[in-house]
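In the text below, chain A, chain B and the rest are named by the order of the sequence lines, each starting its count at 1. Computed from a predicted model, the values in this text were never measured in an experiment. Hydrogens, waters and symmetry mates play no part in the numbers below; they use all other heavy atoms, side chains included.
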2 protein chains.
Amino acid sequence: MDLYGPWLAQLRKGVVELLVLALLRSRGPLHGYGIVQELEELGDLIAGVSTVYPVLKRLEADGLVDASWGAGDEAGRRKNYSITGAGKKFLDEGTRQFDDLHAALGRIGGNR
Amino acid sequence: MDLYGPWLAQLRKGVVELLVLALLRSRGPLHGYGIVQELEELGDLIAGVSTVYPVLKRLEADGLVDASWGAGDEAGRRKNYSITGAGKKFLDEGTRQFDDLHAALGRIGGNR
DNA sequence: TTGGAATAGTACGCAATGCGTAATAGCACA
DNA sequence: TGTGCTATTACGCATTGCGTACTATTCCAA
């Protein structure tokens with residue numbers, strides 16, 4: 001029984017957004033495919049293309065990242081993303097919430 | 001604009017399951033309403049009744065918790081839940097995955 | 001020249017779940 | 001009788017991760 005696979009997908013909901021924003025802040029501007037590759041190196045298949053691209057699209061729609069098609073030899077091929085001020089703010093607040101959840105779980109298991 | 005509310009709901013996906021299992025392991029057997037109250041004390045409205053009860057139902061269906069109607073004066077009113085061996089195993093593995101995600105985010109933001 | 005990787009992005013649709021809202025029912029207390 | 005607390009259940013929506021597949025460009029080797 002693979003009771004575990006579907007649950008993992010649920011656990012990642014919301015977190016991928018933070019991971020992408022964090023990558024854009026620390027690794028500078030990146031294009032979609034580059035983000036996917038960075039995530040691959042981070043661990044066991046955190047998010048593939050079919051997860052990352054929709055995330056980027058939504059982040060852009062929400063004004064958390066800026067997107068622009070590459071120029072010169074990249075024209076029509078690479079779309080570059082960079083984090084905005086609102087994106088940084090969201091990342092900070094989101095990280096804090098994520099930390100809180102993580103701490104809450106640790107606190108429960110602490111006394112046993 | 002409340003861009004933040006809906007996202008928080010997504011972030012909690014999967015985590016509530018771990019929180020409930022952790023509560024059952026450290027605070028012993030509990031009934032649904034008691035779990036909701038414990039979660040309320042843990043922080044800012046982590047999960048209400050309409051979240052916890054479906055979670056318990058699913059955990060029971062998956063064999064991660066045992067459920068039995070209370071006896072005596074609790075008959076027909078309280079349903080008591082306790083964690084199973086499979087539940088403990090799932091909690092351990094799930095916590096590990098959660099820690100990994102948390103660590104991954106920290107690792108990205110670390111070098112900036 | 002041709003063909004197959006690798007690079008880069010897009011589109012479609014399913015399944016799972018948090019959560020708002022509300023209904024039901026027993027009990028206590030005034 | 002009626003108000004409020006305890007306790008569980010039911011319905012339905014919105015969001016999102018992800019499998020699968022398709023298109024297009026670049027580059028290297030046969």
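No engagement by G48(A) is indicated, since no non-hydrogen atom pair under 4.0 Å with the nucleic acid exists. Heavy atoms of V36(B) sit nowhere under 4.0 angstrom from any nucleic acid atom. Among the protein residues, I46(B) comes within range of the sugar-phosphate backbone only, with heavy atoms under 4.0 Å from sugar or phosphate atoms but none that close to a base.
Between F98(A) and H102(B), the distance separating the two ring centers is shorter than 6.0 angstrom.
For the pair T84(B) (side chain) and D66(B) (backbone), a donor-acceptor distance under 3.5 Å is absent.
Atom CG in L3(A) sits roughly 17 Å away from atom P in dA15(C) (whole-Å rounding). Residue R58(A) contributes atom CZ, which lies 17 Å from atom C1' of dT10(C) at whole-angstrom precision. Rounded to an integer number of Å, the gap from NZ of K57(A) to C1' of dA8(C) is 16 Å. One interatomic measurement links the two molecules: NE2 of H31(B) to C1' of dG26(C), which rounds to 14 Å at whole-angstrom precision. The OH-C1' distance, from Y4(A) to dA16(C), rounds to 16 Å in whole Å. Rounded to a whole Å, the CG atom of L11(A) is 10 Å from the P atom of dC18(D). Following rounding to the nearest Å, R12(B) (CZ) and dG17(D) (P) show an atom-to-atom distance of 16 Å. Between K13(A) atom NZ and dG18(C) atom C1' there is a gap of 11 Å when expressed in whole angstrom units.
Dashed line: the shortest gap from a side-chain N or O of Y53(A) to OP1 or OP2 of dT10(C) is not under 4.0 Å.
Comparing dT17(C), dT7(C), dC27(C) by their closest approach to the side chain of Y33(A) singles out dT7(C). Minimum atom distance to the side chain of A9(B) is reached by dC19(C), of the listed dG19(D), dC19(C), dT16(D).
The OH atom of Y81(A) lies 12.5 Å from the CG atom of L21(A); values are rounded to the nearest 0.5 Å.
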